[in-house]
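Counting convention: from 1, in listed order, for ligands and their atoms alike. Numbering of residues begins at 1 and proceeds along the displayed sequence. This is a predicted model, so every value here is computed, not measured. Hydrogens, waters and symmetry mates are skipped; everything else that's a heavy atom, side chains included, is used.
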Amino acid sequence: MFNRRKFLEMSSLGLSAISFSGFTPKNKGTKPIVISTWDAGLRANKAAWEILRNNGRALDAVERGVMVTEDEINCCVGLGANPDREGHVTLDACIMDEHANCGSVAFLERIKHPIQVARKVMENTPHVFLVGEGAQQFALSQGFVLEKDELSKDAERNYKEWLKKSEYKPIINVENKNNQTAWAPTRFDDGTWNHDTIGMIAMDAAGNLSGSCTTSGMGFKMRGRIGDSPIIGAGLFVDNEVGAAVATGQGEDIIRIGGSHAVVELMRQGFPPEEACKKVIERLLKVKGEKAKDIQAAIIAINKKGEYGAYCLQTGFNYSVCTADDKNILLNGKNLI
Ligand code: GLY
């Protein structure tokens, strides 16, 4: 679906935009390239592209790109997002570069840009993963500022709505079945939204790959719950000899199948990105069986030739692709069920 609002939004970026079912992109392989999950990725890609088109490093591009989404209030990423069931927003993020360096944070509270903290973990510690209070302390030691502990207006409204039943229902992104096309947050019929993530992978002009992933995780999750997004190999994986993949959707199930790593390994065996993503989503379907209808999961990938592809479990997933010919396009992911 393509609407006037989205067209205007993308035109204002000075970029071309195409979005309708069945559109098959030309996928000759190109660099630089940046792709990201969901339609919020169009705006994130634009920031990443500014770095890539100036011969910048993919790592800088994927960090800068997802910071745009972390900044968007009323989005399901960053501090404006839905809280856990105790009313606190907790954030997860990870980043990985062309040298297999990686950094992650999870269960991080009151810090605006978890992706930047993840990069600092990668660059300024001997570790890969910091969580909770320790991650926050580390962020403060690196000069990050503690933001107020308060919910955005929309998140507060959503939380109050959720509290009426306080039903623990880990459903992710199936709201998209309603074919809502407004940019994230996609919403349930009652106006609340559940969850989203932005995952971004890029190849720079030098042919190097990097990736990033950031999320507030599942709305109204159990306190302490962490999904796939900050887990290297599940939410994100980069192998500079082969390709990169990043996931979105039901984190528990993406972890179960080591989603992003599995896609990269299939690309190593020679499968093109879309085929590799499809095989991994098929694996998820096999693992979940009947229960697959209750969840959404999607993976996007780029290989070393700059070819890209994606696959999702259910309809409703889209992803944003920005390539060297200055096109920033929105594509519908192909779905299994
Ligand atoms: N995929 C994001 C999450 O499950 O938290």
Side-chain angles (χ1 to χ4, degrees), residues 36-41 44 66 69-70 75-86 88-96 104-109 114-115 118 129 131-132 135 155 158 162 168-176 184-186 193-201 211-237 245-263 277 280-281 284 287-288 291-292 294-301 310-314 316-319 333:
S36 50
T37 56
W38 306 106
D39 44 4
V66 301
T69 320
E70 287 179 341
C75 192
C76 311
V77 173
L79 288 174
N82 280 332
D84 65 17
R85 58 186 181 179
E86 293 181 22
H88 303 286
V89 176
T90 73
L91 303 175
D92 307 332
C94 75
I95 194 159
M96 189 163 187
S104 302
V105 288
F107 194 42
L108 178 63
E109 294 178 273
I115 196 66
F129 206 163
V131 302
N158 294 345
W162 179 80
Y168 192 54
K169 195 171 58 167
I171 296 176
I172 282 188
N173 298 131
V174 287
E175 66 271 30
N176 286 318
T186 41
W193 77 78
N194 188 347
H195 147 283
D196 219 358
T197 299
I198 182 157
M200 174 177 279
I201 46 182
S212 61
C213 191
T214 179
T215 189
S216 58
M218 183 184 286
F220 323 120
K221 59 196 173 189
M222 280 176 75
R223 186 137 178 87
R225 179 266 183 193
I226 292 165
D228 61 310
S229 296
I231 299 178
I232 300 295
L236 172 70
F237 197 70
V246 69
T248 181
Q250 180 89 6
E252 285 73 4
D253 296 310
I254 295 162
I255 293 170
R256 259 184 256 285
I257 55 162
S260 296
H261 184 261
V263 167
C277 293
V280 171
I281 296 293
L284 194 151
V287 169
K288 291 296 284 184
K291 292 183 185 153
D294 297 329
I295 62 156
Q296 174 64 299
I299 307 189
I300 63 175
Y311 231 88
C312 54
L313 197 54
Q314 318 222 17
F317 171 69
N318 52 28
Y319 65 109

> Should F220 and N82 be marked as a side chain to side chain contact (heavy atoms under 4.5 Å, CB included) after you check the CA-CA gap, both sets of side-chain angles, and the distance that decides it?
Replying inline: CA-CA 7 Å; F220 323 120; N82 280 332; 3.8 Å; yes

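Applying the side-chain contact (heavy atoms from CB on, under 4.5 Å) test to A106 and every residue at least two apart in sequence or in another chain returns D92, F129, V131, I226, P230. With sequence neighbours left out, T214 forms a side chain to side chain donor-acceptor pair (under 3.5 Å) with E70.
For the atom pair T37 OG1 and I300 CD1, the distance stands at 5.5 Å (nearest 0.5 Å). Taking CG from D228 and CG from D253, the interatomic distance works out to 9.5 Å, rounded to the nearest 0.5 Å.
Of all atoms in ligand 1, numbered sequentially from 1 with element shown, those under 4.0 Å from a heavy atom of G217 are 5 (O). For ligand 1, the atoms sitting less than 4.0 Å from at least one non-hydrogen atom of T197 are 1 (N), 2 (C), numbered in the order shown with element in parentheses. Of all atoms in ligand 1, listed by their number and element, those nearer than 4.0 Å to a heavy atom of D228 are 1 (N), 2 (C), 3 (C), 4 (O). Less than 4.0 angstrom separates some heavy atom of S229 from each of these atoms of ligand 1: 1 (N), 2 (C).
Polar contact check, G249 against ligand 1: a nitrogen or oxygen pair lies under 3.5 Å apart. Residue contacts with ligand 1: Q250 is placed with no nitrogen or oxygen under 3.5 Å of a nitrogen or oxygen of the ligand (distance criterion only).
Proximity of R225 to ligand 1, defined as any heavy-atom pair under 4.0 Å, is confined to the side chain (atoms from C-beta onward).
Counting heavy atoms from C-beta outward, S36 and Y319 have side chains that stay 4.5 Å or more apart.
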